[in-house]
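Here's the structure we're looking at; comments come further down.
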Amino acid sequence: MNSKNSSRGRQAGRNSNPQEKNQFKKDFRKPKSNKPAQKKTEDTGIRLNKFISNSGICSRREADTYIEHGSVSVNGKLVTEMGYKVQPTDEVRFDGTLISMEQKRYVLLNKPKNYITTMEDDRGRKTVMELVGNATRERIYPVGRLDRNTTGLLLFTNDGELAKKLTHPKHNVRKLYHASLDKKLTVADLEKLRGDVIIEGRKVFIDAVSYVEGEKKTEVGIEIHSGRNRIVRKIFEHYGYHVKKLDRVIFAGLTKKNLPRGRWRELTQQEINTLHML
């Protein structure tokens, strides 16, 4: 009798209180952490094409082409994978040269005459790089070109994506020039410039043209967004005029205000933001 009761008691002890049994299991589970889960290492890096663009070499789209063609290695291994992510400790090389992400720099120069828009010149001519040589420790590049005798605004940066945007005609970046002609521009020719102008078999998009207010009829303001070489001079030559002086007074909304000829300044943050919104 006692043994039966004892057996039943043991069995009842095992099954009669499921709440205690569940609580026992709960108490020995691993406690939940309130700390946010760490992201996987591959999610914390920066895309390789952005890394290259940030280094000032080229735009992201161009970087994709270089990656695909085997120009980039990470930690000694060739990388051709689109979307590959670079970690802070990685060593990235472009055509064998070690590169790093630089701080973006934006420098505006009021270019004088007799300087060519190139990084260096094998003929010993003066280049615009001599004028901005002490502007920044980062290597900056001119955005677009001004010919040797053209003065005015020239932007320098190591922001490859922005440079690409500012030089592509589809973005309609405003460029306003003050041209001084060898003779008065006739009203008839002024009207022709406001119509369809074909230079070297291709249409030139002239956004606006007019006489400079308060000046002689030899002084003309012309606004274009074409990036073709010496295009403003060619436009006037097409109608029989010689451009004696050419000065770029506005570029992408930037002006020469308080910037003497031959001097440079860094862009303000507001100016940088405006350029990125173009």
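Nothing fancy with the numbering, it's 1 onward along the sequence. Hydrogens, waters and symmetry mates play no part in the numbers below; they use all other heavy atoms, side chains included.
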Could you pull out all residues at least two apart from [X] that satisfy salt bridge (charged side-chain N to carboxylate O under 4.0 Å, His left out)?
{"X": "E81", "result": "none"}
{"X": "K234", "result": "E200"}
{"X": "K192", "result": "D189"}
{"X": "E161", "result": "R60"}

Assigning hydrophobic clusters by single linkage (Ile, Leu, Val, Met, Phe, Trp, Tyr; side-chain heavy-atom cutoff under 4.5 Å), is [X] placed with [Y]?
{"X": "L190", "Y": "V232", "answer": "yes"}
{"X": "L278", "Y": "L155", "answer": "yes"}
{"X": "L98", "Y": "V86", "answer": "no"}
{"X": "Y141", "Y": "L146", "answer": "yes"}
{"X": "V187", "Y": "V212", "answer": "no"}

Sorted by chain and number, sequence neighbours left out, side-chain contact (heavy atoms from CB on, under 4.5 Å) with I231 holds for I199, V204, I224, S226, R228, I235

Residue set satisfying side-chain contact (heavy atoms from CB on, under 4.5 Å) with T157, at least two apart, ordered chain then number -> Y106, V143, D159, A163

If every non-hydrogen atom of [X] is compared with every non-hydrogen atom of [Y], which pair is closest and at what distance?
{"X": "L154", "Y": "P142", "result": "CD2-CB, 4.3 Å"}
{"X": "A63", "Y": "C58", "result": "N-SG, 3.6 Å"}
{"X": "A252", "Y": "V173", "result": "CB-CG1, 3.5 Å"}
{"X": "F236", "Y": "A179", "result": "CE1-CB, 3.9 Å"}
{"X": "G262", "Y": "P112", "result": "CA-CD, 3.9 Å"}
{"X": "L153", "Y": "F251", "result": "CD1-N, 3.8 Å"}

[atom1]-[atom2] distance between [X] and [Y], expressed to the nearest 0.5 angstrom:
{"X": "T167", "Y": "H225", "atom1": "OG1", "atom2": "NE2", "answer": "13.0 Å"}
{"X": "I272", "Y": "R105", "atom1": "CD1", "atom2": "CZ", "answer": "9.5 Å"}
{"X": "N49", "Y": "Y84", "atom1": "CG", "atom2": "OH", "answer": "13.5 Å"}
{"X": "E223", "Y": "D207", "atom1": "CD", "atom2": "CG", "answer": "5.0 Å"}
{"X": "I206", "Y": "I222", "atom1": "CD1", "atom2": "CD1", "answer": "4.0 Å"}
{"X": "T218", "Y": "Y211", "atom1": "OG1", "atom2": "OH", "answer": "10.5 Å"}

query = For Q87 and T89, does a side-chain donor sit closer than 3.5 Å to a side-chain acceptor?
reply = no

Given the options L131, L108, V107, F156 meets side chain to side chain contact (heavy atoms under 4.5 Å, CB included) only with V107

Sequence neighbours excluded, the answer for side-chain hydrogen bond (donor to acceptor under 3.5 Å, both in side chains) partners of E130 is none

Apart from I198 itself, its cluster of hydrophobic side chains linked below 4.5 Å comprises none

Grouping ILVMFWY residues whenever side-chain heavy atoms fall under 4.5 Å, the cluster of V249 otherwise contains L176, I250

Quick note, side-chain hydrogen bond (donor to acceptor under 3.5 Å, both in side chains) partners involving residues 245-261, not counting sequence neighbours, are N110-R261, T151-D247, Y177-R248, D247-K256, D247-R261

Flag the pair [X] / [Y] as yes when at least one side-chain heavy-atom distance between them is below 4.5 Å, and no otherwise.
{"X": "V197", "Y": "Y239", "value": "yes"}
{"X": "W264", "Y": "N134", "value": "yes"}
{"X": "D196", "Y": "K203", "value": "yes"}
{"X": "F205", "Y": "N172", "value": "no"}
{"X": "N149", "Y": "L246", "value": "no"}

field: Of all pairs that satisfy salt bridge (charged side-chain N to carboxylate O under 4.0 Å, His left out), the ones with a partner from residues 111-123, not counting sequence neighbours
entry: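 Non-adjacent pairs meeting salt bridge (charged side-chain N to carboxylate O under 4.0 Å, His left out): D121-R125.
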
Expected list for residues 66-80: side-chain donor-acceptor pairs under 3.5 angstrom, two or more places apart:
unit_1, atom_1, unit_2, atom_2, d
H69, ND1, T65, O, 2.8
N75, OD1, E91, N, 2.8
N75, ND2, D90, OD1, 2.9

Tested for side-chain hydrogen bond (donor to acceptor under 3.5 Å, both in side chains) against S180, the lone hit among E215, K216, E219 is E219

- Is the number of heavy atoms from other residues, nucleotides or ligands within 6.0 Å of CZ (R265) greater than 12?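 It does: R265 CZ has more than 12 such atoms within range.
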
_So for atom NZ, which belongs to K183, do other residues, nucleotides or ligands contribute more than 12 heavy atoms lying within a distance under 6.0 Å?_
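Atom NZ in K183 is packed in, count exceeds 12.
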
Without swapping roles, check the side chain of [X] against the backbone of [Y] for a donor-acceptor pair under 3.5 Å.
{"X": "R233", "Y": "V243", "answer": "yes"}
{"X": "T274", "Y": "Q270", "answer": "yes"}
{"X": "N158", "Y": "Q103", "answer": "yes"}

Under the side chain to side chain contact (heavy atoms under 4.5 Å, CB included) rule, what do T186 and Y241 come out as? Steps first, then yes or no, please.
CA-CA 10 Å; T186 66; Y241 298 88; 3.6 Å; yes

Q.
Quick one, E191 with R194, criterion salt bridge (charged side-chain N to carboxylate O under 4.0 Å, His left out). Give me CA distance, side-chain angles, the key distance, then yes/no.
A. CA-CA 5 Å; E191 290 305 314; R194 290 171 174 165; 2.9 Å; yes

